[in-house]
Amino acid sequence: MNDFRADLHCHSTCSDGTCTPQELIDLAIRLGLKGLSITDHDTIQAYAPAFSYAKGRPIELIPGIEFSATLDDSSIHVLGYSFFPFHSEILSLCHQHKERRYFRNREILERLSKLGISLTFEDITLASKSKLETIGRPHIAKALVQKGYVSTLKEAFKQYLGEGKSAYAKGISLSVKETIETLHKANGLAIIAHPHLIENPKVLQRLLEMNFDGLEGYYSHFNRDENERWIKIAEKKQWLITGGSDFHGEIKPNTSLGSSWVSQETFQILHKHYLRNAP
Ligand code: AMP
Ligand code: FE
Ligand code: FE
Ligand code: ZN
């Protein structure tokens with residue numbers, strides 16, 4: 001046993017985290033992590049600053065992303081790792097997500113307006129520390145709190161933004177299948193994110209039959225027994241087993257960076273895969 005730990009799931013200010021990529025790297029080093037992957041929602045924007053900042057520092061970084069996708073009507077998160085982050089296929093899918101989010105956010109703001117709540121795009125982006133690449137419901141929730149319409153983020157989701165609530169908009173869909181294909185075209189690995197949170201057994205069954213390379217067996221607050229089910233499934237399928245905290249910073253204060261992690265052995269598989277793609 002050695003003390004190598006790598007957290008493969010966290011978010012920066014490029015999506016809905018509250019630490020910049022550089023702050024995430026500093027925090028990871030302070031916590032004694034030896035490996036990190038920043039998996040922002042639908043953007044690889046963190047990697048230009050993150051790679052240059054990590055150089056010469058005692059931590060290894062591998063490219064990651066958490067793509068939003070849909071299977072029928074279910075919303076599914078797909079983690080991607082070890083691709084070349086500036087691959088045209090990845091950039092093109094990120095761009096499609098940016099457009100998807102623009103129209104969806106506009107629809108949410110229209111719905112809020114009909115409910116007598118006036119929010120602008122400026123209200124939503126104003127609170128962020130750096131240039132936001134991915135604008136999503138958490139940012140709208142934050143603006144609702146700041147403007148005094150609700151008192152907590154949780155309340156914003158419960159009342160307005162959660163699935164099926166009064167200001168919820170689904171937006172267009174990008175399928176799980178095309179997301180896996182994009183990651184594979186960019187020589188990346190496609191991983192089912194937090195299967196623990198998928199409630200529909202039929203959806204889960206269909207996902208397990210798809211062309212994934214692995215699943216996120218170690219996740220956030222889940223303990224050994226709760227992770228066991230996923231580890232067994234992955235072992236049976238000879239899939240990779242990844243893990244991470246899903247750290248978002250202050251926006252999710254009970255989840256700390258490094259609270260879930262993978263060993264050196266797993267990290268090396270992903271890292272070697274990445275080195276084959278690095279320019
Ligand atoms: P979006 O990608 O815009 O659909 O927003 C989804 C993100 O919102 C998730 O990744 C979470 O970070 C956050 N989220 C979803 N549901 C809730 C909730 N009930 N309370 C707080 N944050 C949530
Ligand atoms: Fe998030
Ligand atoms: Fe997720
Ligand atoms: Zn996440």
Side-chain angles (χ1 to χ4, degrees), residues 6-21 24 27-28 36-47 50 62-71 74-81 94 97-98 100-101 104-105 108 124-125 127-130 132-143 145 152-154 156-157 161-163 168 171 174 176 179-180 183 189-200 203-204 207 212 214-222 227 230 242-262:
D7 189 334
L8 299 179
H9 190 158
C10 62
H11 297 266
S12 80
T13 43
C14 296
S15 68
D16 58 359
T18 56
C19 294
T20 63
L24 277 178
L27 179 60
L36 187 73
S37 186
I38 302 172
T39 51
D40 276 314
H41 297 287
D42 308 322
T43 178
I44 47 85
Q45 206 68 24
Y47 281 94
I62 51 164
I65 193 159
E66 185 174 22
F67 275 124
S68 315
T70 48
L71 185 65
S74 298
S75 154
I76 302 294
H77 283 175
V78 176
L79 286 164
Y81 293 111
C94 290
H97 275 289
K98 206 168 170 172
R100 171 184 74 81
R101 284 180 177 278
R104 181 200 188 204
N105 290 336
I108 293 176
I124 296 167
T125 50
S128 85
K129 274 196 222 173
S130 62
L132 267 179
E133 267 303 304
T134 295
I135 303 173
R137 286 180 290 160
H139 305 102
I140 301 176
K142 221 168 161 177
V145 173
T152 62
L153 298 177
K154 210 172 167 177
F157 274 90
L161 304 171
E163 267 184 63
Y168 179 72
L174 292 163
V176 171
T179 306
I180 299 174
L183 284 164
L189 299 162
I191 307 288
I192 303 175
H194 39 65
H196 314 60
L197 308 181
I198 300 170
E199 284 166 6
N200 184 331
V203 168
L204 182 65
L207 285 174
F212 280 102
L215 57 74
E216 188 176 41
Y218 303 99
Y219 180 64
S220 199
H221 302 293
F222 290 89
N227 290 330
W230 307 107
T242 70
S245 61
D246 208 358
F247 177 70
H248 280 72
E250 290 154 29
I251 208 166
K252 239 176 155 184
N254 299 324
T255 304
S256 35
L257 191 67
S259 57
S260 202
W261 46 272
V262 297

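One-based numbering, in listed order, for ligands and for the atoms of each.
Side chain of Asp246 to main chain of His9: no donor-acceptor pair is present (N/O by atom type, distance under 3.5 Å, no hydrogens or angles).
Atom OH of Tyr47 is separated from atom OG of Ser37 by 3.5 Å, given to the nearest 0.5 angstrom. Going from atom OG1 of Thr13 over to atom NE2 of His11 covers 12.5 Å, rounded to the nearest 0.5 Å.
Not one N/O/S atom of His248, from backbone or side chain, sits under 2.8 Å from the Zn ion (ligand 4). For the Zn ion (ligand 4), the set of nearby N, O or S atoms under 2.8 Å includes one belonging to His11.
No donor-acceptor contact under 3.5 angstrom links the side chains of Thr134 and Asp42, judged on distance only. A donor atom on one side chain and an acceptor atom on the other are not found under 3.5 Å apart for Thr125 and His139.
The atom of Asp246 nearest to the Zn ion (ligand 4) is OD1, with the search restricted to N, O or S atoms. Minimum-distance N/O/S atom of Glu66 relative to the Zn ion (ligand 4): OE1.
The tally of protein N/O/S atoms under 2.8 Å from the Fe ion (ligand 3) stands at 3.
Heavy atoms of other residues, nucleotides or ligands lying less than 6.0 angstrom from OH of Tyr218 number 12 at most.
Annotation: angle subtended at the Fe ion (ligand 2) by His248 NE2 and Asp16 OD2 is 110°, to 10°.
Counting all heavy atoms, side chain and backbone alike, Pro21 lies closest to Cys14 at CG-SG, 4.3 Å. In plain terms, the two heavy atoms of Ala193 and Glu66 that are nearest each other are CB-OE2, 3.9 Å.
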